[in-house]
Every structure is written in structure tokens, then in C-alpha cells.
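For clarity, every value in this text was computed on a predicted model and none was experimentally measured.
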There are 2 protein chains.
Amino acid sequence: MPQLRMPRQAPARSAATPAVAPDAIDTSFLESLLGYNARRAALAVIEVFLERMAPFALKPVDFSVMSLVTHNPGITSRQLCTALGILPPNLVGMVNALERRDLIVRKPHPRDGRAMGLHLTPAGEKLMRHAEKTAAALEAEVSRGLSAGELKTLIALLKKVYQPA
Amino acid sequence: MPQLRMPRQAPARSAATPAVAPDAIDTSFLESLLGYNARRAALAVIEVFLERMAPFALKPVDFSVMSLVTHNPGITSRQLCTALGILPPNLVGMVNALERRDLIVRKPHPRDGRAMGLHLTPAGEKLMRHAEKTAAALEAEVSRGLSAGELKTLIALLKKVYQPA
DNA sequence: TATTGTTATACTCTATAACTATA
DNA sequence: TATAGTTATAGAGTATAACAATA
């Protein structure tokens, strides 16, 4: 579709109000907010995560799913959704894609005919051995400005925020 | 969250090593990762933010834009994009919506005919006085599990992650 | 030639309703 | 009836290319 050019407004130039754009931006209020800082930090980590995990073609949520299947063989889709805060319809495509890549398999649940247990394939096990090592190594990289003690403190404090006792 | 059992892969019919879905999910590896914890914490804060900010009809990004305009009168779209990590095409709709709500106005930049400086309207100023108070108040609520010193430490450590010195 | 703001557009992520088959 | 998994789909959020006006 051709876009009509619509020069929206012809503003009068009022010299009375000096509409000056500041050249140094004051972000101090936003930076005082926990939510703002948590979001920026999460995005910074995820950015590095995407780079380092590109060889495995695993996005953060894919990795989370694969990691839970790794450490919880037979976990069901419903359990994955609860643990990760994913809605069931949105998990289906991820699991399908991981199964098509021969990284996981669905097996019938032994005691619930409605459910399917998820398990790693040998290829999935091999990939996750490397992927979890890479994820752990990336932690060190992204937290290189923090001491080991500070990193431990940071993670403990973050848990207190989303897992209030 | 303890893991109670951990059967490795087994044939579906083997009673000895059944492919049982674990009833307690082991999330210990994910919880050791900074990125996972930062994302979960950020989402927890944002959830409360959406509730408390609903009366102002400001989502987190809208609030960030409004707050920067509040403390930086005349700020340009380009500066907002740089400060908040938003892409210019995605800011246009937000600014249009805020302008339609009579919360901000575009004024011509005094020294750059291409740019538009953004300013609060009186209605925008009034709304932001309440909104920033509400934002500060919900900080206390969401960090009620932390002492004042812990909250300060947490924010300082988060800054170190996304603002490496 | 480079930059600001903009349009169009595509792709991803997330959310809701409804269906099936089992319980 | 309630739940696990699924389908279809709608709505946000985020991405790139390209254009007009201005520097």
C-alpha cells in the first residue's frame, strides 16, 4: 500500500517558551525504582544469553524447558507451565519444535492417560550438557563487575522479591 | 523446592524404572542462574505495577516515557529511544496516544527543525504527581520482604549488571 | 551524506475461547 | 464435573526497510 505523506502539524514557532531539549538526560527517578533496574538487568543478561546460546538455537524459554526436562524426566506440560509461568497453548509449539529437532520425546504418562511425560533424547542430553555449561559460563561473564559474594547476594535478594517468604 | 526422586530415562512399561512425572519439580539449576532470577523478579514487580498503575492507564513503558518527559522537559523522541532502549517506530504510537490523552504536547525544537521537544500538559503534570507517588509506594510493597538496606544493595547490584563500569 | 520522525510491515510473545479425551 | 493437551486466533511487543524534511 502506498503511504500518503501527511505532514501532521505546522507548528508556530513560539520563541516565548524555550522548548530546549536537554542534552544530558536525567534518569535518576527511574533508576531509583526496583522494577526499572530489574527489567534492565534482566534484558542485559538475556542479550548475552541469546548470543552465547545461538549455537544451540535455544532461546531463554526453550532453555528453561529443556533444563527442567533434563532435571525432571517425565515432567508433564502442565507442570512445565506452572513452574515457568507459561500458558499451555504457548507451550505446545515449543515442545513440538523441540521434538521435531529430536531433542525431546513425549511418552505416555504411566498413571494418567491424558498426560504426556517429556524426556530427553540422547541428542537432547548431549546438547544440554554443553548448553548448561555455556549458561553457567555466561553467568560469570555477565556478572564480571560483581564479586562472587555480591553475585550470591544479588541472587538471594532477587529470590526474596519473587518468592516472598 | 527439593527434588524427591529422579528416575532416569526408562522404557515406558518397566515397573522398576517408571517414566513417572515427578510431583515436586526440581528448579535448582535454573534458580542458580542470574538471568532466570532477574527475569522472574522483574516480572513479579511488573505484575504489581500493572495493578497499581491501572487507574492511570500507564503501562511500564508509558510510565517511563512520561517520567523522563517530567524530569527532562523538551526531551526529543530520539533521546527517549536511546535512554529507554525503544526503537523509534515503536515510540511513535505511544507518544501519539499520550498526546491524544492530553498528557503531553509536542513543541518544535528551537535549534533543530527536524526534532520535536516533548512537554507535559497541566493534566500530564497532575497525573504524574500521583503516578510517581504510586510508583514509589508500590516499591515498598513489592520489596516488603527486604530491609531498606537490602533494597538499596539490590538496586546497586542490578545497576552493576546492566551498567558495567 | 547523515539524522529525526514517521509509515508500513513482519515477526515474536502473550492471552482467551473452545474443543478432545481422559479422569 | 474437572483436568491435560491441543487448536485457532487475537492482541501486545519488537524488529527492519524505506521515505520526507532537515541538518
Side-chain angles (χ1 to χ4, degrees), chain A residues 1-11 13 19 21 23 39-40 42-43 46-47 49-50 54 57-65 74-100 104-118, chain B residues 19-23 25 39-40 42-43 46-47 49-50 54 57-65 74-99 104-118:
Chain A
M1 295 298 184
Q3 62 277 34
L4 299 192
R5 304 255 330 109
M6 235 276 270
R8 314 165 351 111
Q9 70 199 94
R13 41 195 82 100
D23 46 311
R39 181 169 174 273
R40 296 295 294 234
L43 290 176
I46 288 173
E47 186 180 347
F49 189 97
L50 290 172
L58 290 179
K59 280 166 292 183
V61 183
D62 300 316
F63 176 84
S64 298
V65 168
I75 190 173
T76 67
S77 293
R78 186 70 185 81
Q79 289 175 310
L80 277 174
C81 287
T82 300
L84 295 176
I86 306 171
L87 291 171
N90 299 329
L91 182 67
V92 175
M94 301 179 207
V95 170
N96 283 342
L98 294 172
E99 196 169 32
R100 272 195 300 271
I104 61 176
V105 287
R106 286 180 234 231
K107 297 184 183 179
H109 190 287
R111 293 188 312 275
D112 188 335
R114 299 169 300 181
M116 300 294 290
L118 300 180
Chain B
V20 174
D23 46 306
I25 301 303
R39 181 168 174 274
R40 296 295 295 234
L43 291 176
I46 288 173
E47 186 180 347
F49 189 98
L50 291 172
L58 291 179
K59 279 166 293 182
V61 183
D62 300 316
F63 177 83
S64 298
V65 167
I75 190 172
T76 66
S77 292
R78 187 71 186 81
Q79 290 175 310
L80 277 174
C81 287
T82 300
L84 296 176
I86 305 172
L87 292 171
N90 300 329
L91 183 66
V92 175
M94 302 180 209
V95 170
N96 284 341
L98 294 172
E99 197 170 30
I104 61 176
V105 288
R106 289 180 234 232
K107 296 185 184 177
H109 190 287
R111 295 187 311 273
D112 189 335
R114 298 168 301 180
M116 299 293 292
L118 301 179

For A:Arg114, enumerate each residue passing the side-chain contact (heavy atoms from CB on, under 4.5 Å) test, keeping only those at least two apart in sequence or located in another chain. A:Asp112
Please identify each residue that fulfils side-chain contact (heavy atoms from CB on, under 4.5 Å) with A:Leu43, with sequence neighbours left out.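 Counting only residues at least two positions away or on another chain, A:Leu43 forms a side-chain contact (heavy atoms from CB on, under 4.5 Å) with A:Arg39.
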Set of salt bridge (charged side-chain N to carboxylate O under 4.0 Å, His left out) partners for B:Glu47, sequence neighbours left out: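 For B:Glu47 there are no salt bridge (charged side-chain N to carboxylate O under 4.0 Å, His left out) partners, ignoring immediate neighbours.
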Quick check on DNA chain D: between A:Ala115 and A:Val92, whose nearest nucleotide comes earlier from the 5' end?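 This one resolves to A:Ala115.
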Interatomic distance where [atom1] belongs to [X] and [atom2] belongs to [N] [whole Å]:
X        : N      : atom1 : atom2 : answer
B:Arg39  : C:dT14 : CZ    : C1'   : 11 Å
B:Leu50  : D:dG11 : CG    : P     : 19 Å
B:Ile86  : C:dG5  : CD1   : C1'   : 15 Å
B:Ile46  : C:dC13 : CD1   : C1'   : 14 Å
B:Arg78  : D:dA21 : CZ    : P     : 21 Å
A:Leu91  : C:dC13 : CG    : P     : 13 Å
A:Lys107 : D:dA4  : NZ    : P     : 22 Å
A:Leu84  : C:dT14 : CG    : P     : 11 Å

With a cut-off of 3.5 Å and sequence neighbours excluded, list every side-chain donor-acceptor pair involving residues 84-98 of chain A.
residue	atom	partner	partner atom	Å
A:Asn96	OD1	A:Arg106	NH2	2.2
A:Asn96	ND2	A:Val92	O	3.4

Under the salt bridge (charged side-chain N to carboxylate O under 4.0 Å, His left out) rule, what pairs show up with a residue in residues 86-96 of chain B, not counting sequence neighbours?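 Residue pairs with at least one partner in residues 86-96 of chain B: there are none.
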B/S/- along nucleotides 16-23 of chain C (protein heavy atoms under 4.0 Å) is BB----BS
Short side-chain N/O contact from A:Lys59 to OP1 or OP2 of C:dC13, under 4.0 Å: yes
